[in-house]
Every structure is written in structure tokens, then in C-alpha cells.
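I have placed the structure first, in the form of C-alpha cells, so that the comments after it can refer back to it.
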Amino acid sequence: MSLATDFNKSAERFPFKANVNFMAFCSVSPLSRPAADRAMKCLERQVQVGRGMIFEYAGEEHIASRFHRNFAALLQTSAENISMTTNTSEAISMIANGYPFEAGDQVISYVNEYPANHYPWRLQERRGVELIELSDVDPLQEKRDYTRPIPAEFARSWSFEELESKITPRTRVIAISHVQFTSGFTADLERLGSFCREKGIDLVVDAAQSLGCLPVHPEKWGVSALASAGWKWLMGPVGTGVMYSSPAFREKIQVTMSGADQMVQDTQYLDHTWNPHSDGRKFEYSTVTYSALDGISTGVEELFLPHSMEAIRDHNFALQEIAIEALDLGKFQPVVHLPEHRSGILSLIPLAGNAKQISTALEAQGVIITPRDGYLRFAPHLCSTQEEVIAAIEALNAVT
């Protein structure tokens, strides 16, 4: 793994660099200048001309068309499989509420899932659906001099072997995060998707902690549906999101949120024929924040599509190695998963057990590293430099 040399990491492109040393792209990330400019251009046109700002974006430059096209390229699928959403919870809620469950059906998930991929499935208990939760286990880590088990009180990972043992004839859905938001453990979606295809089970994935950082190929891997927020690794505006769904999966999902925008008759509002789109627009039920979605679409087009996601992943992993090399191992225990389970989150365990206090002290110095359930999550990205990583680690080491 090596640092990419062709990434534009300038402060002009990323203005936040003048204010903070940001190492928390697993959290609410800063906007790039191109994404912000595009979003503000859309807002300014609304200031100047009102409704006309929507119609100025016609044809291929229509905001929705650009969004569908750019995210299809990122996910290596077709534009028809992409939906604009506002966040992960909205997408997974539409999926869970519209899924054709029958009483006694089962959903398998992980006991420490992020709420966006927990509560929508838990609500299906009202329909007689059973939520089966995989237990928390210590993941296998790379064997290094400093490798130690993760304490049992931390959220850690789940086991594929346990998942296999939980499958029954009533298993309908496996709902899992691509990357666990605390430990940084990454699911092997290629293996899991192949398994689900063989068993006739739908795989629904929360990709909020992977999309924009790791390669994500839902169509190739046999994922039925995938949802992500836009303001983490994708560096988009808050209140943006994206959903992928396969054609066969969309066909079985009933509409639970409805409005004018999802109907084929478009602006013929007095035509009340029930005729929703069959492509990803089936889930685009009403007016969205066009400016924000245009901003994230531009960010994808300018920051991510010019590079392979494999190159971005390797760059981020190389930055992690630089961080580990500089880390005071007498104060912090790094969690380095096996290569197939590694993510953009380098989780650090403060041996003194004071993650929140450390994060607060660092923020006062302009260094942003987020705590989560006892971990410190160190998460540099494609715009981060080696010098910034070393400076952040030196500040971390100095906190007492």
C-alpha cells in the first residue's frame, strides 16, 4: 500500500484545512469546495428565479439524472438502480416496511448494529417478524507485536459461522453494516452475497461507513439493497443519501411512502392513477433538497470517479500505517483487522479508558478524532496528507 500522488489535497479544494486537522471522516465530514459551490449555485438560482432553478437543469444535467448517473458509476451499476434519499434510516425504513413479510419470518442482524439498520427491522415485530441478533465476538486481527484481544465490553464483530448456524427456512433478510461504526470491522460482502444468493435470502446493507472509502459493488456481489448517508466518507451535505436496489428486489417491495414524484404521470397531478415508477424512482416519493443532492453528486464526480476506489482504499490504509508507526503504543491499542475485514476506521483503545476526554482535549487544539463507545476512531481520507496524520498522532500522544 502506498500514498496516491495524484490526489488534489489542496486547501483551496478543501478549505477546512485552514481551521482544523480533520481525521474523522467516519463522522460528519467537511464539504469540498466544488461540492459546496454547486450546492450554493442551486440555492442562489432559487433566490433569483424561484421555481425556474429546477427547470434550468434539463436533460442530462437534470439534478436527478446527474445524481443517478454519478452514483451508478461509483457503484458500478445502472442508473435505474439508484434512488435519491435523505439518509440511511429513510432508505432502510422504506425497505423494511415494504418487504413482503409473513408472521414467523426472520431477519438476521448483528447485536451491535447502528440504529439506522436496527430499528426499522425491530419494528417489523409488529407484523410477527422475528429479529435474530448475532452475538458479539472478538475478531481475528493481523498478528503484530502489539496485537491484543479487544476487551469484551467493547462492540467488536460478528461471526460468519454463527450466521450460517442461524439460517432457517424462515430466514428472509440478512441486514448488516458493511463496516461496523465502532470497531471498523468490515463484512466480506462478496462472500456474504454469494451465500445469500445460494440460500434465496435478501442481503440488505448499511454502507454509510464504507461508501466513498472502500470498493462497493452491490450488483456484482449479489446485494439486494444498499443504503448510505452522504455526509461521511462521501463528504456531501448533511441530509443527503443514496440507495441501490436490484430490479428483482424492487419488484417485491411495496410502496409505503408515496407522493407525486414517484408516479409515471409526473406533473399531471389530477391524474390519480396508481402508476409508480419501477426503477429507483419508485422510492423518490416527494420533493428533495435539490441543492444538497446536486452538491454531493458533484463531489462524487470530481473527487471519487477520477480514481478507482481500490486506489482510495489503499491510500487510506497507507495513512493508517503511518499513524500506527507514530502512535504511542504504551497509551493506545490499535485494532488492525485482517485485510479482508479492514476499513477506513482505525479504531484505537485508550489504555487509560478516557476516549471522550481525549477527543475533547484534541478538539480544543483543532485536531478532530471522534470517540464512539470507548474507542477513538482515527479516520483519514483521500484529502489527508502524511504530515497531517503525523501531526494528529503527535497531538494524540501528548494528551494525558
Side-chain angles (χ1 to χ4, degrees), residues 24-29 71 74-75 82-99 101 107-127 129 131-134 136 155-158 172-187 189 192 202-214 216 218 223-245 249-250 253 256-257 280 283-285 288-289 292-293 296 343-345 347 370-373 375 377 379:
F25 288 90
C26 56
S27 183
V28 179
S29 292
F71 272 98
L74 184 68
L75 291 169
I82 301 297
S83 305
M84 300 184 296
T85 63
T86 58
N87 52 58
T88 310
S89 295
E90 179 188 42
I92 295 181
S93 291
M94 288 191 288
I95 291 168
N97 292 332
Y99 196 87
F101 287 120
V107 175
I108 296 178
S109 193
Y110 167 50
V111 68
N112 289 319
E113 268 296 323
Y114 190 76
N117 200 28
H118 172 75
Y119 292 120
W121 304 109
R122 185 171 165 186
L123 279 176
Q124 305 316 308
E125 292 175 349
R126 297 180 298 187
R127 294 203 272 164
V129 176
L131 179 61
I132 308 295
E133 294 184 313
L134 302 174
D136 187 73
R156 298 168 297 174
S157 69
W158 52 271
R172 297 289 176 262
V173 172
I174 293 175
I176 212 77
S177 288
H178 190 185
V179 173
Q180 292 302 324
F181 71 104
T182 53
S183 67
F185 173 82
T186 296
L189 289 188
L192 189 55
D202 285 308
L203 176 58
V204 178
V205 174
D206 177 345
Q209 289 294 357
S210 62
L211 194 56
C213 179
L214 303 179
V216 180
V223 174
S224 295
L226 175 147
S228 176
W231 56 87
K232 299 181 187 295
W233 296 98
L234 289 167
M235 300 180 66
V238 171
T240 59
V242 63
M243 178 167 68
Y244 160 87
S245 56
F249 187 76
R250 277 195 306 277
I253 300 298
T256 58
M257 298 288 290
F283 303 109
E284 296 174 357
Y285 55 90
V288 293
T289 307
L293 289 165
I296 190 174
S343 74
I345 300 173
S347 293
T370 56
R372 192 65 74 216
D373 295 291
Y375 292 105
R377 301 183 302 171

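Counting begins at 1 with the first residue of the sequence.
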Restricting to side chain to side chain contact (heavy atoms under 4.5 Å, CB included), what partner residues turn up for [X], sequence neighbours left out?
X	result
Thr182	Ala155, Arg372, Asp373, Tyr375
Ser224	Asp202, Phe249
Glu133	Val111, His118, Leu131
Tyr114	Ala116, Phe181, Asp206

Report all side-chain donor-acceptor pairs from residues 226-243 shorter than 3.5 Å, counting only partners two or more places apart or in another chain.
| residue | atom | partner | partner atom | Å |
| --- | --- | --- | --- | --- |
| Trp233 | NE1 | Gln209 | O | 3.3 |
| Trp233 | NE1 | Gln209 | OE1 | 3.0 |
| Thr240 | OG1 | Pro237 | O | 2.7 |

Closest approach of [X] to [Y] (non-hydrogen atoms, all atoms of both residues):
X	Y	value
Ser109	Ala175	OG-O, 2.7 Å
Tyr285	Met257	CB-O, 3.4 Å
Arg156	Ser183	O-OG, 2.6 Å
Thr88	Ala208	OG1-CB, 3.9 Å
Ile253	Met94	CG2-O, 3.9 Å

So Thr85 and Glu284, side-chain contact (heavy atoms from CB on, under 4.5 Å) or not? Walk me through it. CA-CA 7 Å; Thr85 63; Glu284 296 174 357; over 6 Å; no
When rounded to the nearest 0.5 angstrom, what distance separates [atom1] in [X] from [atom2] in [Y]?
X	Y	atom1	atom2	result
Ser93	Leu123	OG	CG	7.5 Å
Tyr110	Ser157	OH	OG	6.0 Å
Glu113	Trp121	CD	CH2	11.0 Å
Leu192	Ile176	CG	CD1	7.5 Å
Ile82	Tyr244	CD1	OH	8.0 Å
Ile108	Leu203	CD1	CG	11.5 Å

Do Ser343 side-chain atoms and Gly184 backbone N/O form a donor-acceptor pair below 3.5 Å?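 Side chain of Ser343 to backbone of Gly184, a donor-acceptor pair under 3.5 Å: yes, one is there.
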Going by salt bridge (charged side-chain N to carboxylate O under 4.0 Å, His left out), name the residues that satisfy it together with Arg172, two or more places apart in sequence or in a different chain.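 Residues passing salt bridge (charged side-chain N to carboxylate O under 4.0 Å, His left out) with Arg172: Asp105.
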Any side-chain heavy atom of Ser245 sitting closer than 4.5 Å to one from Phe283?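 Yes, side chains in contact.
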Looking only at side-chain N and O atoms, does Thr370 offer a donor or acceptor that is under 3.5 Å from a partner on Arg377?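 Yes, because at least one side-chain N or O of Arg377 sits under 3.5 Å from a partner of the opposite role on Thr370.
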